[in-house]
*Asks:* 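The structure's right below; bear with me while I get my questions together.
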Amino acid sequence: MPPAALRLRKAPRQSRAVHTVDALLEAAALVLEEDGLEGFNTNAVARRAGASIGTLYQYFPSKDALTLALLMREEARSHAAAAAAAALPSWREALSAFIDVGVAQQLTRPNLARLLDQEEGRPEIRAAMAGQHSFHDLLLIVLDKPDAPPHLQDAARRAVAAADLFVIIRGLVDAAGQRGEHDVADLARRVRAAAFGVLAG
């Protein structure tokens, strides 16, 4: 469990409270995108959300708690889309759609994705996110489909292939984000070429 400084003070239960927390998180995303880490603070987020600082502190005890909640929101959204991709019947179709999800997550809101990647690297944030959604497990589902290449029918080789794919996809996508790329279709094409190429090899 994350330390108290990183946890929600209270979970929103009524629809109005859920709306308030959603508005605060989207305001946090917008402040990060537009003002960067230098301008990211609780006062700026409350102001952008049209809320009082007291309202913000009812839910988020610190700027880091906002950061963690925003990271978890973005990861949950990506995981849901990746899970839908992994559920497609053909392994090729599923892997291609899985790659599209990763590329879209990085390049749809590139400034936000880049800054959140940077924040995710902090030890306390990384520790707090440990045990969250596993994209590696979704790749195992993709590679375990009946029409997958014969060499992937072996569980050990499938596990290695899934681990390789995870590193390749994340590495290429993150590097493109760091470079400030914006062409979703071109990046998806390159990532697919690398992913299908390593599996063919």
Side-chain angles (χ1 to χ4, degrees), residues 1-86 98 100-139 166 169-171 173-178 180 182 184:
M1 177 179 289
L6 293 179
R7 292 199 306 266
L8 276 175
R9 273 213 166 100
K10 65 178 182 180
R13 303 197 184 282
Q14 298 181 343
S15 60
R16 183 176 177 181
V18 170
H19 176 76
T20 297
V21 169
D22 287 346
L24 287 166
L25 287 176
E26 184 54 28
L30 291 169
V31 170
L32 263 180
E33 282 180 311
E34 295 173 13
D35 302 330
L37 291 171
E38 301 79 10
F40 182 60
N41 58 66
T42 53
N43 285 317
V45 171
R47 191 163 51 246
R48 186 66 186 252
S52 71
I53 193 67
T55 297
L56 184 149
Y57 281 130
Q58 283 182 31
Y59 299 100
F60 301 101
S62 67
K63 179 179 74 172
D64 285 349
L66 265 171
T67 300
L68 177 61
L70 187 55
L71 271 163
M72 294 178 74
R73 182 192 82 167
E74 295 301 302
E75 183 170 290
R77 288 177 174 178
S78 292
H79 190 270
F98 185 97
D100 288 343
V101 169
V103 170
Q105 188 276 331
Q106 187 73 40
L107 297 191
T108 300
R109 298 179 76 171
N111 288 341
L112 178 63
R114 179 176 53 80
L115 291 170
L116 287 178
D117 284 347
Q118 185 176 328
E119 289 294 277
E120 190 178 359
R122 291 166 50 199
E124 64 274 23
I125 298 291
R126 190 167 59 247
M129 293 191 69
Q132 295 299 310
H133 308 101
S134 173
F135 291 88
H136 176 267
D137 289 349
L138 292 178
L139 283 169
F166 180 79
I169 294 169
R170 181 162 188 172
V173 167
D174 286 356
Q178 291 295 326
H182 297 283
V184 172

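The residues of the chain are indexed from 1 along the displayed sequence. Just so we're clear, the structure is a prediction, and the values are computed from it rather than from any experiment.
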*Asks:* Considering all heavy atoms of both residues, which atom of A23 and which atom of A49 are nearest to each other, and what is their separation?
*Replies:* O-CB, 3.9 Å
*Asks:* Using the test salt bridge (Lys or Arg N to Asp or Glu O under 4.0 Å), find all partners of R126 that sit at least two apart in sequence or belong to another chain.
*Replies:* none
*Asks:* Calculate, to the nearest 0.5 Å, the distance between atoms CZ and CD belonging to R16 and Q14 respectively.
*Replies:* 9.0 Å
*Asks:* Taking all non-hydrogen atoms of both residues into account, name the closest pair between L56 and T42 and its distance.
*Replies:* CD1-O, 3.5 Å
*Asks:* What's the spacing between H19 NE2 and L24 CG if we round to 0.5 Å?
*Replies:* 9.5 Å
*Asks:* Could I get the full list of side chain to side chain contact (heavy atoms under 4.5 Å, CB included) partners for D35, not counting sequence neighbours?
*Replies:* V31
*Asks:* Report yes if some heavy atom in the side chain of R109 is under 4.5 Å from a heavy atom in the side chain of L116; otherwise report no.
*Replies:*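 No. Closest side-chain heavy atoms not under 4.5 Å.
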*Asks:* Going by an N to O cut-off under 4.0 Å, is there a salt bridge joining R114 and D174?
*Replies:* no
*Asks:* Kindly compute the distance separating CD1 (I125) from CG (D64), expressed to the nearest 0.5 Å.
*Replies:*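 Spacing of CD1 (I125) from CG (D64) equals 5.0 Å.
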*Asks:* If you take all heavy atoms of F135 and F98, which pair is closest and at what distance?
*Replies:* O-CZ, 3.9 Å
*Asks:* Between N41, V45, L71, L32, which is the residue that forms a side-chain contact (heavy atoms from CB on, under 4.5 Å) with L66?
*Replies:*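 By the side-chain contact (heavy atoms from CB on, under 4.5 Å) criterion, L66 pairs with just one of N41, V45, L71, L32: V45.
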*Asks:* Determine whether L70 and L112 make a side-chain contact, defined as any pair of heavy atoms from C-beta on separated by less than 4.5 Å.
*Replies:*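 They are in side-chain contact.
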*Asks:* So do the side chains of E120 and D117 get within less than 4.5 Å of each other, counting heavy atoms only?
*Replies:* yes
*Asks:* What I'd like to find out is whether the side chain of F60 reaches to under 4.5 Å of the side chain of T67, using heavy atoms alone.
*Replies:* no
*Asks:* Identify the two heavy atoms, one from L138 and one from A86, that lie closest to each other, and give their separation to 0.1 Å.
*Replies:* O-CB, 3.9 Å
*Asks:* Report the distance from atom OH of Y59 to atom CG of L25, rounding to the nearest 0.5 Å.
*Replies:*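 Here the interatomic distance stands at 11.5 Å.
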*Asks:* Applying the side-chain contact (heavy atoms from CB on, under 4.5 Å) test to S78, which of Q105, Q106, R73 qualifies?
*Replies:*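 The passing option is Q105.
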*Asks:* Identify, with sequence neighbours excluded, every residue that meets side chain to side chain contact (heavy atoms under 4.5 Å, CB included) alongside Q118.
*Replies:* L37, L115
*Asks:* Is there side-chain contact between Q58 and T20, with heavy atoms separated by less than 4.5 Å?
*Replies:* no
*Asks:* So does E34 pair up with R48, basic N to acidic O under 4.0 Å?
*Replies:* yes
